[in-house]
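First comes the structure, then the notes that go with it.
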Number of protein chains: 2
Amino acid sequence: MSICADQLRTIPERVFCQLREAIVEGEIPPGSRISEAELAARYGISRAPLREAISRLAAVGLIERRPNVGARVIELSADQLIDIFHVRESLEGTAARQAALRMDAEAVGRLRATLDEHAARMRQDGGQAYFQEAGDVDFHYQIIQGSGNHYLVKLLCHDLYHLIRMYRCQFGMRSKRGPAALEEHHAIVAAIERHDGDLAELLMRAHVRASRENVERMISEI
Amino acid sequence: MSICADQLRTIPERVFCQLREAIVEGEIPPGSRISEAELAARYGISRAPLREAISRLAAVGLIERRPNVGARVIELSADQLIDIFHVRESLEGTAARQAALRMDAEAVGRLRATLDEHAARMRQDGGQAYFQEAGDVDFHYQIIQGSGNHYLVKLLCHDLYHLIRMYRCQFGMRSKRGPAALEEHHAIVAAIERHDGDLAELLMRAHVRASRENVERMISEI
DNA sequence: ATGTGCTGGATTGTCGACAATATTAAAGAA
DNA sequence: TTCTTTAATATTGTCGACAATCCAGCACAT
């Protein structure tokens, strides 16, 4: 499951993904200036394709640009993270609702298989480590894709998740609610299987809300 | 109320707004190729700033790019419009909820004043003509801004509304449900004033859903 | 001492030219 | 005739250089 779904055939595409990764992982720290000349030299390319990559990063919201001044990696604020989680709760709720109406038996089967795999891996290594990243993302991606709503896919998978991952990396958050989350996932799949859109939305929103409240708790502990 | 909120100091900024307007209004028809050389000549600029504008248009989703081939204005499909309306319903519901919690008395007063102005103008010219564009947008923008959620503002005001406006222009839709919409607006404001987030979200979602169903009806009539 | 205006340096914005790629059409073989 | 191959052409992608703009530091006047 490549997060960088785009084909990275052209230079701006590749550099965009690399820079996004570097920013999300915190390798390029928040608030730091983006020097075009320096980055162009580092990646061994000219400034033209680099500028396009920067332009795309700005469109996604990972960096801020000021004319004739330059670009900076966005500063992190807890409030903005909460804002983003509200958006995510809203959108993923809708994704679950549409998925309940549009996913066929085969797609639901794949979803179930994913959860089984999660459960197995959780029994194996205690479950704590697994759930924060790829596993959880897999589950959510399948539902979002299952909604069949391309605009939702673009917003959630291409833009929002990277932002959330960035905050996660910066604040050093680990979710620690693996078992509870797995149970919630099962309930959501059951609702989708029954094609109960209302319930699927309700459960998904509660699930994301719990994750947000978990984040809020961790922030207040700092 | 300038829709192009950004300062258009730099050339790409200006051209981005001009092109977006041309695409939304249908002056550049859907599916048509975007020739860099031709547009650069028309706007009297070089290809470099034009490419940045095109890049931004692609990020917003108004055009599609294929490497080494070129950019085309997106094709319109009724299904995608419905998809977008689902997203809008979801996001504006959340905006109304947060606005109910965060808007102060003064902001609510401005909202009321806007509605009064709408009512007056509706009595004046029969109301049909007014409600599709600026007036309705004004009301929704105030609530979205009132949510205090910057990410919501970006998604709804900067990206989504232009898409919807584009579809409206292409399909030649007029809403024709002015009086009903005004009544719904009043109910939403009342909920916000009472700081009833649940109700505000419920009403806003119903309001947007009604708009979507209106659109679905018009589509099926074609 | 503080605020104002200027100058030097560095960075971003823009441009025209060249290289790489895809599409089209024609030409040849089955 | 139809499919494949190939060359021509036009378009996009990339580059290095130049122009425009901003910022820091300093001199100077108040």
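Computed from a predicted structure; not experimentally measured.
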Compare side-chain N and O positions of [X] against OP1 and OP2 of [N] and report whether any pair is under 4.0 Å apart.
| X | N | value |
| --- | --- | --- |
| A:Thr10 | D:dT14 | yes |
| A:Arg14 | D:dT14 | no |
| B:Ser46 | C:dG13 | no |
| B:Arg51 | D:dG13 | yes |

Spell out, as yes or no, whether a donor-acceptor pair under 3.5 Å connects the side chain of A:Ser55 to the backbone of A:Arg51. no
Please name the residue in the list A:Gln98, A:Arg97, A:Glu92 that meets the side chain to side chain contact (heavy atoms under 4.5 Å, CB included) test with A:Ser147.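 The single option meeting the side chain to side chain contact (heavy atoms under 4.5 Å, CB included) with A:Ser147 is A:Gln98.
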Of all the nucleotides listed ([options]), which has the minimum atom distance to the side chain of [X]?
| X | options | value |
| --- | --- | --- |
| A:Pro49 | C:dG13, D:dT11, D:dC15 | D:dC15 |
| B:Arg47 | D:dT14, D:dC23, C:dT14 | D:dT14 |
| B:Glu36 | C:dT12, C:dT14, D:dT12 | D:dT12 |
| A:Arg66 | C:dT14, D:dG13, D:dC23 | D:dC23 |
| B:Asn68 | D:dC22, C:dA22, D:dG16 | C:dA22 |

Check the distance between [N]'s [atom2] and [X]'s [atom1] and give it to me in whole angstrom.
| X | N | atom1 | atom2 | value |
| --- | --- | --- | --- | --- |
| B:Arg72 | C:dT23 | CZ | P | 10 Å |
| A:Glu38 | C:dA10 | CD | C1' | 14 Å |
| B:Glu52 | C:dC15 | CD | P | 12 Å |
| A:Ile11 | D:dT14 | CD1 | P | 4 Å |
| B:Glu13 | C:dT12 | CD | C1' | 14 Å |
| B:Ile54 | D:dT11 | CD1 | C1' | 12 Å |

Whichever of B:Ala37 and A:Gly44 has its nearest DNA chain D nucleotide further upstream toward 5':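 Going by which nucleotide is closer to the 5' end, it is B:Ala37.
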So that I can tick it off, tell me whether A:Asp83 and B:Arg102 are bridged by a salt bridge, with the cut-off set at under 4.0 angstrom between side-chain N and carboxylate O.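 Yes, this pair counts.
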Carboxylate-amine/guanidinium proximity below 4.0 Å for A:Glu13 and B:Arg66: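 B:Arg66 and A:Glu13: not salt-bridged.
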Considering every strand and a 4.0 Å limit on heavy-atom distances, what is the contact class for B:Leu50: base, sugar-phosphate, or nothing? nothing
Can you tell me how the ring of B:His185 sits relative to the ring of B:Phe139, calling it parallel under 30°, perpendicular over 60° and tilted otherwise? parallel
